[in-house]
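Here's a structure for you.
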Amino acid sequence: MAGTDFSHQMTGSQHQNGFVRSKLLFARFHIDLTLFLLLILLCCSGLLILYSASGQAGDMVQKQAMHYLIGFAVLLIAAQIPPRIYKILAPWAYLAGVIALIGVLALGVSGKGAQRWLALPGLPRFQPSELMKLALPLLVAWYMSNKSTPPKFITLVKAMLLIGIPLVLILKQPDLGTSILIAASGILVLFFAGMPWWLIFSMISIVAACAPLMWFFVMHAYQKQRVLTFLNPESDPLGSGWNIIQSKTAIGSGGIEGKGWMQGTQSQLEFLPESHTDFIIAVLAEELGLIGVLLLLVLYFVIIIRGLYMSAKCSSLFGRLLSGSLITTFFIYVFVNIGMVSGLLPVVGVPLPLVSWGGTSVVSLLAGFGVMMSMYTHDVK
Amino acid sequence: MWGHSFRDRMAEQKLFRSRAIFMALFIFALLSLLAGRMAYLQVVLHEKYQGLSENNRIQLRPVAPNRGLIYDRNGVLLAENIPSYSLTLVKERVNSIDETLSYLKTLINISERDEEQFRKRLKYNSRPYQPVVVKHKLDEKEIAQVMVNRYYLPGIDVEARLVRHYPEAETSVHALGYVGRINQKEEERLDKKQYSATKHIGKLGIERRYETELHGQVGYQKVETNARGRILRVIEQEDPIPGKDLVLHLDQRLQSAAAKAMKGYRGAVVAIDVSTGGILTQYSNPSYDPNLFVTGISHREYSGLRKDPDLPLFNRAIRGQYPPASTLKPFLGLSFLDAKAVTWEDTVNDKGWYQLENDERLYRDWKRTGHGHVDLHDAMMESCDTYFYDGAFKTTVDKISPFLAKFGFGRNMALDVPNALPGLLPDREWKKKKRRRSWYAGDTLNLGIGQGYMLTTPLQLATATAVLAAKGQWHTPRLMESIGGVSDVENMETLDNIILKDPKDWDKMFKAMQDVITGSRGTGRALRYNLNFTMAGKTGTSQVVSIAQNEEYDSEMMAERNRDHALFIAFAPVENPKIAIAVIIENGESAGRTAGPVAKAVLQEYLEGAQG
């Protein structure tokens, strides 16, 4: 208890708790070795599956490995930045994100019927919603960490408004999946901040009640189609139901032991669409069977538990809230992706975190882990 | 303040911890839900999805169009499509290829060659789940043997496919050509979509020339296949559009007559319909069976054909280039007349040779003792060389060559015989360019008897004879009469009709050529017996250029191969020519005894056979 320093939360305090930690080399660089190794293990498994899913496309695997390298570099940098800097950055990142989202709607580049990309001269094309994935929890965590806990009702309402702005902007693109995920990352901060249970349940009830209204007023035709397909994929087996039927077939035909690495008929014969991106888990399930799936789920679970543990061990409220939100959002990605591929949830374009092909998502996810490591290691100094 | 703050922090941490624990449990529950879902799909529903994955392959299969049929002018089928049964294997569904093969061998005969070919095909077939042919042309007993035991033979199937068949086999191949398996080079060039189900393509002759029309358009079938790749049901179908049928000018009766008459000879026959230019006969002997090439000829058979000294694969009718010798004389005679170098009344005293001024060399007549005083009519009838030396010298090459060119010599005039060779019509320019020497008077003399540099194919000779018979009227020679029922006489590039300064020269030349057959001194007089129609002809005997001497040679064979080639051109009936013909017999020596009778047999078949 001695030496405990309660400085003002606004300044991004650093204090020591009672834990004695061995000073590992990694600790000096603000890296949590356990989480770091788990992430590397996950990425390696990802490369292995990708090699098969892409039809032995060596160049694709090489590119993905490059994505991982960049991602881990970003993680290392993010971990070095002390939490107080994140606190200072939080409102600005949020503001920049909101402006970029407005920019997308005003002059964005469209692809596949939706405007999601922003092409600014001198910058690589990027999706502002990707920036929001970090900026929103950052802002809400910053906002809530300045308030007393448990939060007052009015504080929660104000926070909801802050969450609502990007939610509406991304909904307009339209990108239902991403907007819900981003909103969830904000609401999770509130949950960890101690949002009362009665409020949580009443919110869930309101959302459930509003769902039919969304159907008529918010959702676009293709989104409705996805829901319809989800409810009855067999209604259009060659059209929109194709993906889900093929992925379920791939998973189911894999059995317990799988057909063997690179031996999956569904994926290798290209029955399975998007086999290297959103539906990559179906390749794993087909080729490595239930055993492979369970191993992957265990790996994800261990990563998430480690993340939650680290969040709980952050001594600043800001760090706890942010880390808790980030790791739970990570879980939501896993759940939504696997749920969608296995036919539990409607098809939304969510990649399997750190396994699906794609640079942006890999880098932003690893950046999030970097932030978590920063919160954890700087706080316990 | 302090205490309050401290308690606050503790409460804060406690609150967070409880929420985190709740979340961990929640996450565990949801991940368990996912694991349960996966287990449900992979364990409980495994069989269903196993079946779906194996059986429920909905595929879009291209369906090959039926190739157009080919008929002769009388409706005789020359090329058809007949079903052929092949034993196929899908590599991915077979447990062990070696075991399967050895089991198959206990059921049906699979030769070493079949197996070797199969292994080769297997190596080149990279697409998964593609059936690979193990053996072609199964007979009914073999089909039954395989089908009865199919339960023990996963991945093995019998596939029926339409295969090109040429009922007239040897007698039609040198006109029709044949189809064969599409090779790699052709595959690169072909329309991938149109040929996605097609295995064969026209390789030669008409089959190649009219490939586009004969092929048709590909169709599609959306099919559901079971675990063994067999089609269970057709969900959707877009029928292919079959290729167009072709009717040729070719007359199969004449082909057969030519084949019969040519038995034992090496040579070719080409006959042309005088009024249309339609090719009635295009036959080369010896011949070969095109059906061998359709499903893939064996190496042994192919090298047998290639090494045969009689060169059966060589299409002499369109690619054999021979000196026309005396068969060129009617055209030469007309060129002399048209150049006003000679008249029908002028005579030459033939002592057996011809000599140029200031030149010691004797240009000999074929008749050592000479023909005496001869005019053009007699020189034609008796084929007097001296007369033609003299005429050529007086006319000069500068007038002869352009005149001969009007008859199509020196180029391929045929519309749809693309690989016919052009022969060679020499002139001063050609010799300077190709031989780097100037044209000598001696060259003109050689040209005057159709020897020297001049080369023609039987197709060219027949074409020129047809133009002669039509008194200079040009009809581009062609095999195709109609495609898909449409007589498409497109305005093809052709030569100007030949107009002589004195049109009576045609009739006089006809008479001279008729007397080749009927005259008592005519070189083709042996043909006049049992001839029920009038016929105009011209014999020719061309010297064989010396063959490279081998150390070891069959002296008898070499002696035979050094004999002169026998040529004969003719048209009939003289008063209203319907058919023109050219015949060449390699080393046939006497045109009157070899080439002439062949031509006569074909003409008789054409002019009399129909009534009989």
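Being a predicted model, the structure only gives us computed values, none of them experimental.
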Contacting region of A/Ile338 [heavy-atom separation from chain B under 4.5 Å]: both

The interface call for A/Phe335 against chain B, heavy-atom contacts under 4.5 Å, is both

Under the ring-ring contact (aromatic ring centres under 6.0 Å, His included) definition, can you give me all pairs with a residue in residues 179-199 of chain B, not counting sequence neighbours? B/Tyr195-B/His215

Distance under 6.0 Å and angle within 45° of ring axis: B/Arg19 vs A/Phe191: yes

Under a 4.5 Å heavy-atom cutoff, which of A/Ile281, A/Ile305, A/Leu308, A/Val298 has the most pairs with chain B? A/Leu308

Let me know if A/Ala250 has heavy atoms under 4.5 Å from chain B in its side chain, its backbone, both or neither. neither

B/Arg119 with B/Asp98: basic N within carboxylate O range, under 4.0 Å: yes

So, B/Arg17 and B/Gln13: side-chain donor and acceptor under 3.5 Å apart, yes or no? yes

Nearest-0.5 Å distance that lies between atom CD in B/Glu159 and atom NE2 in B/His136: 10.0 Å

Chain B contact via A/Ile327 - which portion, at a heavy-atom distance below 4.5 Å: neither

Max heavy-atom pairs within cutoff under 4.5 Å with chain A, candidates B/Ile27, B/Leu30, B/Leu33, goes to B/Ile27

Out of A/Gly258, A/Gly339, A/Gly343, return the one with the most heavy atom pairs under 4.5 angstrom to chain B. A/Gly343

Does any heavy atom of chain B fall under 4.5 Å from the side chain of A/Ile304, the backbone, both, or neither of them? side chain

Which atoms of A/Leu188 approach chain B - backbone, side chain, both or neither, heavy atom under 4.5 Å: side chain

B/Thr106 side chain to B/Tyr103 backbone, donor-acceptor under 3.5 Å: yes

Give a yes or no on this: more than 12 heavy atoms of other residues, nucleotides or ligands lie within 6.0 Å of atom CD of B/Gln237. yes

Distance in Å, A/Ile251 CD1 paired with B/Met38 CE, rounded so as to fall on 0.5 Å steps: 4.0 Å

Residue, of B/Leu34, B/Leu45, B/Leu31, that accumulates the most heavy atom pairs under 4.5 Å with chain A: B/Leu34

Using non-hydrogen atoms only, which part of B/Phe28 is less than 4.5 Å away from chain A: side chain, backbone, both, or neither? both

Select one option (side chain, backbone, both, neither) describing which atoms of A/Leu294 are under 4.5 Å from chain B's heavy atoms. side chain

Is the side chain of B/Glu188 donor-acceptor paired with the backbone N or O of B/Lys185 at a distance under 3.5 Å, no angle test? no

Pairs of heavy atoms under 4.5 Å with chain B: top-ranked of A/Gly289, A/Gly194, A/Ser311: A/Gly194

